[in-house]
Amino acid sequence: MLRHFWHVAGVRPWHIVLPLALVLIAAAFEGASYSLLIPLTEAVGRDTFEFLRESRAFGWILRLVPESVAAPSRDTVLIVVTIGLIILGRTGKIVFEYLRYIYIVPRTEGYRVAVTTETFGRVLGFGRQYFEHQPIGAIDAEIGWSGSVITLLTAAEESIRYTIGLLVKAAVMVAISLPLSIAFVASLPFIGWFMTAVNARVERIATEGVAADRRVRSRILDILGSIPLVKAYSQERAAANTYAEALHQARDVVVRRERVVGLRYPAEEIFVLIVMLVVQAAVMVLDGSFTPGDLAAFGAFLLIVQQALPDYKYLSAFSLKVAEEWPRLAAVARLFSDEGKFIVPSGPRTFTRLERGIAIRSLTFQYQPGVDVLKDVSATIRVGTVTAIVGSTGAGKTTLVDLIARFYDCAPGAIELDGSDIREFSFPSLHARMALVSQDVWLLNRTLRDNLTFGLGRAIGDDALLAALRDVDLREFVEGLPAGLDTEFGDRGVRLSGGQRQRVALARALLRDPDILILDEATSALDSEVEQRVARAIQQRAAGRTLIVIAHRLSTIREADLIMVMHEGRVVEQGAWDELLRLGGHFHRLHSAQFGETSRRR
């Protein structure tokens, strides 16, 4: 997966080499700056810079001040010059680090956009069943966690930068005091042991944090997506308490993590400081003398140690960062496994148009192993005809049309278009010639125009949009809006009535001019008068098209060419209206339940 993301992000060698070169230049300035502490502390101890005349490394400092400057003033000037050079070195380091920073930020964010886009596209390719089995909040969280790959890349680059900085400081520390340097290095194994123990604890807590993060996102999306239900039952407080409970669980995880991490750094720093003091005291006792130069050197050493500890802390925190991000990275890695994703493969062929019809042959389908939703369904839907599918709730009607729409995968040869297996056709070409409107209408939080033209793939004028709205009895309503077609109706069209949402979806389907139009209870929210007007407009628009209608109101399918009656996953009856009534079977019972026995032949 990491190699895949490396390719997706478009990483080039210079993306890594250029920041590394800037790090090395900044480290050179930093090394030069810290190294000047050596002659400075020595001069403080000796109260003169004359020793520099014999120094190969720092003799050049004397040449910066003319010999004509008198001795007392010369030492003062040399102190000022040395401090100035230290400041100059620090400034150079800061400048080159800033240049590196302004380079890597857009580069890294470009990587993040590419990786997240790839992950989102991957998730969109999962089968519909995956989304039916997974909480939307958990999916949202895992898509966001794809940035963990970039987080680790950034952390790795930073660890290289801090490693170079630590090596530079270590060289200066050795030059100042070898015993103190050895003591500092000797203290690192203890810090490493302590770090390992902390990391193990943090990794366990991070795994809990991943689960808590999923719960929080799932709760908030679940509640926000069910606002009408919450309002209808006055469950605002209960919903808030449910969300608060998830937040408290996440809070507990964060608090436990920060307690562990917060203990680590002070303990490391105090331990190192104690070791330094003990070693310096031992050196003084063994040497039997103590000079101001020793004190200056010890102060300079502690100064560099204080600067080196953040570098070491970051390096040790790198493993902590890996421990924190690894559970998220593992979750993202599972997204790139096909197992449990219910992926419906797209075929290689292009579907151009339906010429003869749809054949369903011994179709059996299961959402869960061992539970047949459809059982040996066979039927023929002729091109250009109206086919109605009726039956009691749970009979398998919606599942059948969803399989025709390729929302789920079916057995080879179970559904054929013009004699060719439907699995052979690509999704884009198939769905370009097909439209489906269900009773559960999905509208985007965009303008009416955007919703009508969603997925259309071609420009379309306002006249055509208004004509489609007229056919579904919405034109006058839209023309009365201040923004007209550019009106926004909120998430899922919450500012529209149920009937208006269904009619927008119907207009969107009609604008596609599909060969196959599937209506799954698409007018269930309309009153009878509006339903009849819309039904007539659809029949006119769909003339010569293949129309598949699922209906509970039998009055809407009176003129259907073929009526398929489903019961418990099987097609138990097929035929025209009068023919099915004469059979006196399932359709007759449905008819009698709606119209009564006396009206069965109307």
Taking [X] for its side chain and [Y] for its backbone only, find out whether a donor-acceptor pair lies under 3.5 Å.
X: Ser148; Y: Leu329; answer: no
X: Asp402; Y: Phe407; answer: no
X: Arg423; Y: Cys410; answer: yes
X: Thr447; Y: Asp450; answer: yes
X: Glu573; Y: Ile563; answer: no
X: Arg501; Y: Asp440; answer: no
X: Thr380; Y: Ala359; answer: no
X: Ser146; Y: Ile143; answer: yes
X: Asp561; Y: Val386; answer: yes
X: Ser378; Y: Ser362; answer: yes

Please give me the minimum heavy-atom distance between [X] and [Y], naming the atom from each residue.
X: Lys341; Y: Arg334; value: NZ-O, 2.7 Å
X: Ala395; Y: Met566; value: CB-O, 3.5 Å
X: Asn451; Y: Arg446; value: ND2-O, 3.6 Å
X: Ala9; Y: Val115; value: CB-CG2, 4.4 Å
X: Ala551; Y: Thr556; value: CB-OG1, 3.6 Å
X: Ser346; Y: Phe427; value: OG-N, 2.9 Å

Hey, does [Y] have a side-chain heavy atom less than 4.5 Å from the side chain of [X]?
X: Phe5; Y: Thr119; answer: yes
X: Leu554; Y: Phe587; answer: yes
X: Leu452; Y: Val504; answer: yes
X: Leu562; Y: Arg382; answer: no
X: Leu443; Y: Leu496; answer: yes
X: His588; Y: Leu583; answer: no
X: Leu517; Y: Leu510; answer: yes
X: Thr151; Y: Arg328; answer: no

Nearest-0.5 Å distance, [atom1] of residue [X] to [atom2] of residue [Y]:
X: Thr154; Y: Tyr111; atom1: OG1; atom2: OH; result: 9.5 Å
X: Ile548; Y: Thr385; atom1: CD1; atom2: OG1; result: 8.5 Å
X: Tyr130; Y: Ile343; atom1: OH; atom2: CD1; result: 10.0 Å
X: Arg406; Y: Arg128; atom1: CZ; atom2: CZ; result: 14.0 Å
X: Gln574; Y: Thr387; atom1: CD; atom2: OG1; result: 9.0 Å
X: Arg353; Y: Thr546; atom1: CZ; atom2: OG1; result: 10.0 Å

Legend entry - Tyr408 OH: over 12 foreign heavy atoms closer than 6.0 Å: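 Count over threshold, so yes.
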
Legend entry - Summary of side chain to side chain donor-acceptor pair (under 3.5 Å) pairs that have at least one residue in residues 456-483, sequence neighbours excluded: Arg449-Asp462, Asp471-Arg541, Asp473-Arg533, Arg475-Glu479

Inset, instruction - I would like to know whether Leu519 and Leu506 meet side-chain contact (heavy atoms from CB on, under 4.5 Å); could you show each step before the answer? - result: CA-CA 9 Å; Leu519 305 179; Leu506 282 166; 3.7 Å; yes

Inset, instruction - Classify the angle between the aromatic ring planes of Phe477 and Phe489 as parallel (below 30°), tilted (30 to 60°) or perpendicular (above 60°). - result: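 The arrangement is parallel - the two ring planes meet at less than 30°.
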
Inset, instruction - Assess whether side-chain contact (heavy atoms from CB on, under 4.5 Å) is satisfied between Glu416 and Arg356, documenting all intermediate values. - result: CA-CA 10 Å; Glu416 295 181 350; Arg356 297 195 302 276; over 6 Å; no

Legend entry - Salt bridge present between Arg582 and Glu579 (N-O < 4.0 angstrom):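 Answer for the salt bridge query: no.
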
Inset, instruction - Among Thr398, Leu363, Ile360, find the one that has a side-chain contact (heavy atoms from CB on, under 4.5 Å) with Leu403. - result: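 By the side-chain contact (heavy atoms from CB on, under 4.5 Å) criterion, Leu403 pairs with just one of Thr398, Leu363, Ile360: Leu363.
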
Inset, instruction - Carefully, step by step, assess Arg433 and Ile516 under the rule side-chain contact (heavy atoms from CB on, under 4.5 Å). - result: CA-CA 6 Å; Arg433 307 306 310 156; Ile516 304 169; over 6 Å; no

Contacts table for residues 367-374: side-chain donor-acceptor under 3.5 angstrom, sequence neighbours left out:
residue	atom	partner	partner atom	Å
Tyr367	OH	Thr399	OG1	2.8
Asp372	OD1	Gln366	NE2	2.6

Legend entry - All side-chain hydrogen bond (donor to acceptor under 3.5 Å, both in side chains) counterparts of Asp252, not counting sequence neighbours: none

Inset, instruction - Assess whether side-chain contact (heavy atoms from CB on, under 4.5 Å) is satisfied between Asp578 and Arg558, documenting all intermediate values. - result: CA-CA 9 Å; Asp578 292 333; Arg558 178 68 176 81; 3.6 Å; yes

Inset, instruction - Begin with the C-alpha distance, continue with both residues' side-chain angles, and end with the deciding distance and a verdict on salt bridge (charged side-chain N to carboxylate O under 4.0 Å, His left out) for Arg545 and Asp513. - result: CA-CA 9 Å; Arg545 312 295 182 189; Asp513 191 24; 2.7 Å; yes

